[in-house]
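Inspection log for the structure reproduced underneath, given as structure tokens.
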Amino acid sequence: MAKIEEYAHIIGQPLIDDLRLLGQKLKNRIIQNINSTPVGGGVAEILNRMVPMLGELGLDAKWDVIKGGEQFFNVTKKFHNALHGRQEELTQRDFDIFMETSRENIKDVNIYGDIVFIHDPQPIALIEKKANNKWIWRCHIDVSNPNEKVWGFLMDFITKYDSAVFSAPAFSRKLPIRQFLIAPSIDPLSDKNKELPPETINAVLEKYGIKKDKPIITQISRFDRLKDPVGVISAYLQVKKYINCQLILGGGTAIDDPEGQQVFDEVREMAKADKDIHILLLPQNDIEVNALQRASDVIVQKSIREGFGLTVAEALWKAKPVVASSVGGIPLQIKHKYSGLLCHSIEGASFSIKQLLSSPEYAKKLGENGREHIKNNFLITRHLRDYMLLFLSLYHPQDVVQLC
Amino acid sequence: MRKLIKAKEPFKFCTRLHLSELTGLRATTLGQLLSLIKEVPDACIYHHTHRFLLQHQYLSPEPPNDFAFWVSDTLGEDELGERLVSIDTMQYSSIRDLREKIIWAIEAYLSDNPLAKLKFARIEEEFHFIKSVSFILPTNYIAYDLREFAGILKKITIDSIYFHIFEARLRLGKPTNDFSFWIENSLGDKELAEMIFRFDPYTRTLEDLRATIIRIIERRIAD
């Protein structure tokens with residue numbers, strides 16, 4: 001795993017020095033991260049990188065995972081969908097299941113952090129163990145239009161935290177606690193984003209039987225209805241009427257997402273008739289994801305809802321032209337017609353893909369602008385800085401904090 | 001070549017790091033925007049008039065303040081957008097004064113164009129008020145003369161330059177930017193201090209600002 005100093009050639013030594021300054025102000029503070037899955041999905045991915053890096057900066061960062069059975073994760077998946085605004089049948093039994101598992105976790109999880117950093121709704125009830133330490137709830141979900149029943153249920157917990165963190169301004173609402181905007185990030189030196197030699201890229205294409213004889217359109221995402229893989233296939237089919245191209249839908253599933261396999265099977269069934277559609281199950285193979293993104297001519301992220309949409313940042317970091325839905329945190333990453341193209345429908349996505357495949361110079365320019373935007377705003381070093389400022393804000397309520 | 005003067009007090013470079021605090025306040029119409037501008041904390045006004053400086057360090061299509069961008073791009077009120085974007089921030093020595101100027105511009109426009117009140121932004125295009133929380137930290141960089149000062153300017157972060165030029169004056173209520181203050185009071189070079197104070201930093205990218213200040217100082221050393 002890369003050391004902090006290795007980022008200097010990307011962001012410059014002075015910014016690394018700033019991180020060290022902040023680290024000194026928080027030296028030896030115990031930051032206890034808690035979420036619901038050690039692998040799969042954006043949260044685990046970020047924590048995998050963030051925890052050791054915070055440690056390198058002098059903080060005592062830890063990561064614990066709550067326990068939960070199939071029933072619990074079925075309910076939290078329903079919560080997740082409902083918070084994203086999808087219609088979900090929620091019964092009292094669902095809330096009871098959530099509370100039963102939460103009570104077990106409250107009993108079993110050892111809380112030892114000076115700052116307890118809770119990620120997403122699954123472990124939210126642990127706040128009942130709050131003592132004299134500081135607690136933060138980090139919401140990675142698009143809650144701009146949540147199911148009010150679920151949101152109301154969670155509010156009873158949220159208001160007991162010291163601060164909440166959201167990924168986009170539209171997710172915020174009036175709360176009696178402080179709330180901060182912190183976008184997630186990508187790690188430019190991770191296997192998923194580092195530079196790859198052409199032979200690695202070619203080897204991955206060969207492994208999956210993909211030839212570079214026609215343009216490649218790719219969406220990398222978990223197999224999840226909210227990522228709209230069916231919509232991506234429809235958009236691709238519209239493009240294919242005019243441009244001979246191929247489609248890669250690649251991604252994995254997470255252990256806290258019981259619906260993943262079902263969606264994967266449906267998508268595979270739909271793609272059966274077209275040999276140019278490649279449906280790839282890529283469980284935690286970051287080099288392969290990286291290679292497929294780099295081999296692509298256009299990257300798509302046609303989500304219906306997004307917490308943030310880190311795959312957009314990954315694609316832009318590789319200077320790829322991106323067509324993505326204007327949802328969640330995606331408009332923060334793409335300025336329409338400047339660093340990518342935003343869409344609102346299957347037809348819109350298809351039109352934009354055609355436009356990019358037909359105008360490679362325009363596509364190249366969008367990709368270059370996108371990379372610059374990601375470099376300035378969405379790399380893990382900025383994220384580390386924001387988290388350390390967030391920790392400091394717990395002890396300093398002012399708008400201007402002088403630490404001189 | 002001018003003889004280098006040793007400063008009475010060295011210049012201690014600080015850096016300013018910023019965190020965005022959400023308020024949950026949002027506007028859908030120009031009327032709502034106006035009434036919220038009147039009541040939000042100074043930290044919100046500061047955020048929406050200065051955010052662009054740090055977030056878009058390269059050439060960007062965004063106009064340099066969020067109010068102007070929203071009014072033009074979302075509500076289609078280009079004339080008001082132009083009036084807001086051209087507010088000369090350098091003229092104002094406090095956020096309160098800057099806020100009053102913004103309020104005055106919107107009220108005057110609404111009085112001439114009452115129909116502008118009827119335009120609504122779509123839900124996903126609402127204006128979200130955000131507060132800027134600043135953390136000011138000392139760096140290890142200290143300069144005793146102009147040569148050292150220029151040398152450090154070449155390597156410190158743009159956040160540090162940003163702090164000493166913009167934030168010290170507007171948010172901490174100092175009469176001038178920190179660089180001009182030190183050059184005049186510790187080096188006694190009033191003319192150079194004036195040169196740095198006079199140019200409008202709001203019309204440049206921060207890297208351009210860095211290069212311009214270094215150029216002025218190096219020319220002064222070579223005089």
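In what follows, every heavy atom counts, from backbone to side chain, and hydrogens, waters and symmetry copies are set aside.
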Hey, could you give me the [atom1]/[atom2] distance between [X] and [Y], rounded to the nearest 0.5 Å?
| X | Y | atom1 | atom2 | answer |
| --- | --- | --- | --- | --- |
| A/I16 | B/T157 | CD1 | OG1 | 12.0 Å |
| B/L22 | A/R178 | CG | CZ | 11.0 Å |
| B/T15 | A/D18 | OG1 | CG | 4.0 Å |
| B/L19 | A/R385 | CG | CZ | 9.0 Å |
| A/S172 | B/I130 | OG | CD1 | 7.5 Å |
| B/K155 | A/Q13 | NZ | CD | 11.0 Å |

Can you tell me which portion of [X] sits under 4.5 Å from chain B's heavy atoms? Options are side chain, backbone, both or neither.
| X | value |
| --- | --- |
| A/H336 | neither |
| A/K25 | side chain |
| A/L175 | neither |

Among A/N145, A/L403, A/L389, the residue with the most heavy-atom pairs under 4.5 Å to chain B is A/L389
Decide if atom [atom1] of [X] counts as having more than 12 heavy atoms of other residues, nucleotides or ligands within a radius under 6.0 Å.
| X | atom1 | answer |
| --- | --- | --- |
| A/E148 | CD | yes |
| B/Y92 | OH | yes |
| B/N140 | CG | no |
| A/R20 | CZ | yes |
| A/K365 | NZ | no |
| A/I10 | CD1 | yes |
| B/F181 | CZ | no |

Check whether any side-chain heavy atom of [X] lies under 4.5 Å from a side-chain heavy atom of [Y], and answer yes or no.
| X | Y | answer |
| --- | --- | --- |
| B/Y141 | A/D17 | yes |
| B/L137 | A/L22 | yes |
| A/S393 | B/F135 | yes |
| A/V401 | B/I136 | no |

Side chain, backbone, both or neither: which part of B/E126 has a heavy atom under 4.5 Å from chain A?
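Nothing of B/E126, per the 4.5 Å heavy-atom cut-off to chain A.
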Contact part of B/S160 toward chain A, heavy-atom cut-off under 4.5 Å: side chain, backbone, both or neither?
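It is neither, since no heavy atom gets under 4.5 Å.
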Working note: B/E21 + A/L181, criterion side-chain contact (heavy atoms from CB on, under 4.5 Å); need CA distance, chi angles, decisive distance, verdict.
CA-CA 6 Å; B/E21 183 170 345; A/L181 170 65; over 6 Å; no
Please report the shortest heavy-atom distance between A/K174 and B/L25, naming the atom on each side.
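Scanning both residues, the minimum pair turns out to be CE-CD2, 3.2 Å.
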